[in-house]
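Worksheet for the structure shown next.
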Amino acid sequence: MSNQGERGGKRTAFYATGARVTRRCSCDDECFGDGPVCMRGVVGECIEQHRAHCAAGQHSRSTAHMPEVPDYWDVFASISRAKMQLLQAKWNEAGGTGQLCGAWQVRNKRSDRQFRATAHNLAIELGRTSDMIDGWHGTAEQNLYSIAQDGFDTGRRCGQVYGAGEYFAKDPKVSISYAKGGAFMFLCKLLLGAEDTDHTWVNDMKYYVVKQRKQYVQALPVYLVQFQYSCGEVAGWLSQVTSVPQAQDEGTLQYRQRGGQSACEARRDAGMEAASTTQLWVGWLAPQLAQASDDAIHDDVCGFLHGLQISEVIPERNGARIGAHVLLTEPLTKAAFDKVASRRYQGRFRISVDDGQSQNPRCAGKACPRLTGPSGYCRGWNLAGHRAWQWSCPFEHPLDCRPTHGITFSSHEVAPRSAVYDQIETSLMQSAPFHNGQPQLIAVHRIVNPALERMYEQRRNFLTQKHGFTEEKELWHGTNCLAIPELLTHGLQPPSDTRPSENCLKSGGKGLCTTLCGTDCKHCKDPHDWAKCHMYGLGVYLADLAQKSHRYVREPERRTVASGCIGQGVGACIRGLNGELWGRVVEEQDNVWLLESGRIAKKETQGLKWQWEPALISRGVGVYIRGLQGELWGQVVAEEPTCWRLDSGRVAKKETEGLRWNWEPSAQEEADVYSMLFCRVCLGNPYLIEGNLLAPSGMHDVCWCQDPSEQLETVAEEWSNARGHDSFYVRGLNGAQRAGLGVYNSEYIVFQPFQVLPLYRVDYVLR
């Protein structure tokens, strides 16, 4: 979608605060304090830049490296096969047809900083993280580079039919016409802010209009996609674009992390108190090994530990830093350990050599430094190391040390016919019917948890610094409905490697395959074995199809809801078989139904292209109005600014509701109400898995995102040793998979809980 000859753009910064948790600036390496950010100052353009703050807000504490407008040849970068598959799936989900010819990532640190600054300021105004949504924007090819470099120029708006702002489409087919014969359009991230104040959702046309007031930058071009063949000048330029190089500039993890530039001590309290050990941890090793293979790290560690009999070396890749877990074939005494620990790595560096055994007496009674540190999470809190010995953690993991301890979440209902409600309803219905019925949306609840929002932004920022970009996507998660309050409080946790004991009050008797407890549970001690579960590792599983996640929903809540009879005729809604809501019927003609959206539904194509939408309505078009004297006034057929127009010919003034008339109560019934979570997921740099596993249980014991190629029948893309990966994107094979070795529909697996932010609880019934 496009409405201007775009050029220029606003300059921005980032910030955010929650109801109970102070939110630090996480898009800018915490170079801002609390409070609003000056939008001009975040890119060094405020006339009072030399001061700590101005009337508009605070300025960056560091002005030495203000992001600049990217060069012409640097603003676009080619993308991995995993990202291309994700974009194709997004194109199809949004309503696009055909195969994309190509796609490029927009690389613009300046625009990203402005966008994150806007997110920060909006979060302060709203008291919660702003809703974010994807939008398509088509424009003439001569505007592509100016938009990518400078953003959307609010001074060059035109054709503002639905109010002032920048226009984006929900469906990419709409944006094709605005490409003006070209072959390209942008996929953008949109910060919605407050409805009417910051954005307008044109429900009939499926347009997003972002206002971008106060020099906010609410629209961030993320990808440029090519939807048809072109031999034009832009296509020629883009064909010469290369991939994103390994970040080398100051401010990246290499320069910020201790151990990112040279080998050094990683654990200042490293040592050994036990009589002997068979497990060691060493680090930080030479940072050049970050781009080396596991075999090279193995050889480097063996060289340092010469004289010891080594059984296994497992690298620990921590951003720009490299450590290693070492398993010895023979126990190492304390005296021998002290001699090894005193060695100089590569003859000159002092590094940490630590006792890595799970029963390390030196760690007894001490809180885990990972849990109490910046990440707020230790993967070993619920891993006993039954299969993956290196993941057991010798420290304590008290619940009161979790970053979400003592936090309560709040929620509010999302208004129907809003942009977010429409997005979720379309996504829910896209894969309908489900295996056991036709879903019918009851309500969408927006979740506000300041602690989870803060930890998600912190993790997203870390991955951005690690890769120079992050991939974010909205995904579904199905689970036991009784567990949802726990997940909304503390986040979605990767499962344990231990099975629950029937004697455990917390985890026993619930039909679970993995315990809910940590390693300190006295009852849950037996290893969790392969049982046709967790095919791609012990991570958090999510899906882009609601139908897939619904299969994991258990124990729905029994509630009283409005009857789910299917309304037909004027006032009823029609939905396309692809899940798109066509609109509400406003008039019947001989062979067609006329809809409020302006389109028509041919009666002869019912069941072939569209179907009637199950109606759960209590007010508005289609509902009856009854006077306070008991007289039925009629059924609402149209809404006007000040009144409801009825099929009887009379009107009901909105100002007299409750004084002269009331809505006719809908029929009620008892029904099972199911709930799923609709989450914002930071995939980081996802790794694409296509094809089948070599064995059904081949990846079952994977506890972190690590190279799975040895367990795969075919390798879709090479594992990046330099950057690493942060999630698995398992592409569905649509029936081509071998039984038990692949999946029909796509799924996504992450292993760090704060890469998932549960934003919406979606309630629905099955008809």
Could you measure the distance from the [atom1] atom of [X] to the [atom2] atom of [Y]? Nearest 0.5 Å is fine.
| X | Y | atom1 | atom2 | result |
| --- | --- | --- | --- | --- |
| L581 | T426 | CG | OG1 | 7.0 Å |
| S418 | R446 | OG | CZ | 11.5 Å |
| E125 | D198 | CD | CG | 6.5 Å |

Exam field: side chain [X] to backbone [Y], donor-acceptor pair closer than 3.5 Å:
| X | Y | answer |
| --- | --- | --- |
| W476 | L428 | no |
| K173 | G95 | yes |
| T470 | L463 | no |
| R379 | C703 | yes |
| Q218 | L191 | yes |
| N745 | K548 | no |

* **Working for side chain to side chain donor-acceptor pair (under 3.5 Å), residues W582 and S597** => CA-CA 7 Å; W582 287 15; S597 60; over 6 Å; no
* To do: Go through the structure and list residues passing side-chain hydrogen bond (donor to acceptor under 3.5 Å, both in side chains) with K609, not counting sequence neighbours.
  =>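 Applying side-chain hydrogen bond (donor to acceptor under 3.5 Å, both in side chains) to K609 gives none.
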* Contacts of type side-chain hydrogen bond (donor to acceptor under 3.5 Å, both in side chains), residue E640, not counting sequence neighbours ->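 Per chain and number, E640 pairs via side-chain hydrogen bond (donor to acceptor under 3.5 Å, both in side chains) with R645.
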* Asked: Side chains of N449 and E453: donor-acceptor distance under 3.5 Å anywhere?
  ->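 There is no such pair (donor and acceptor under 3.5 Å, judged by atom type) between the side chains of N449 and E453.
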[X]: which residues meet the ring pair (Phe, Tyr, Trp, His ring centres under 6.0 Å) condition with it, sequence neighbours left out?
| X | result |
| --- | --- |
| H528 | H534, H700 |
| Y162 | Y207 |
| Y748 | Y729 |

* Asked: Taking the six-membered ring where the residue is Trp, are the ring centres of W612 and W593 under 6.0 Å apart?
  ->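 Yes, the ring centres sit under 6.0 Å apart.
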* **Option from V681, I133, D134 for which side chain to side chain contact (heavy atoms under 4.5 Å, CB included) with E474 holds** =>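 Exactly one pass, corresponding to D134.
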Quick one: side chains of residues 749-763, donor-acceptor pairs under 3.5 Å with protein atoms, not counting sequence neighbours, listed by atom name and distance.
unit_1, atom_1, unit_2, atom_2, d
Q752, OE1, F754, N, 2.7
Q755, OE1, R459, NE, 3.3
Q755, OE1, R459, NH2, 3.2
Q755, NE2, C682, O, 2.8
Q755, NE2, D726, O, 3.3
Y760, OH, D131, OD1, 2.4
R761, NE, D763, OD1, 3.0
R761, NH2, H445, NE2, 3.1
R761, NH2, D763, OD2, 2.7
D763, OD1, S675, OG, 2.6
D763, OD2, H445, NE2, 3.1
D763, OD2, R559, NH2, 3.2

* To do: Please work out which of the three classes, parallel, tilted or perpendicular, describes the rings of F728 and Y687, given edges at 30° and 60°.
  =>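 Plane angle over 60°, so perpendicular.
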* Verdict with supporting geometry, F168 and W136, ring pair (Phe, Tyr, Trp, His ring centres under 6.0 Å) -> CA-CA 5 Å; F168 301 84; W136 302 90; over 10 Å; no
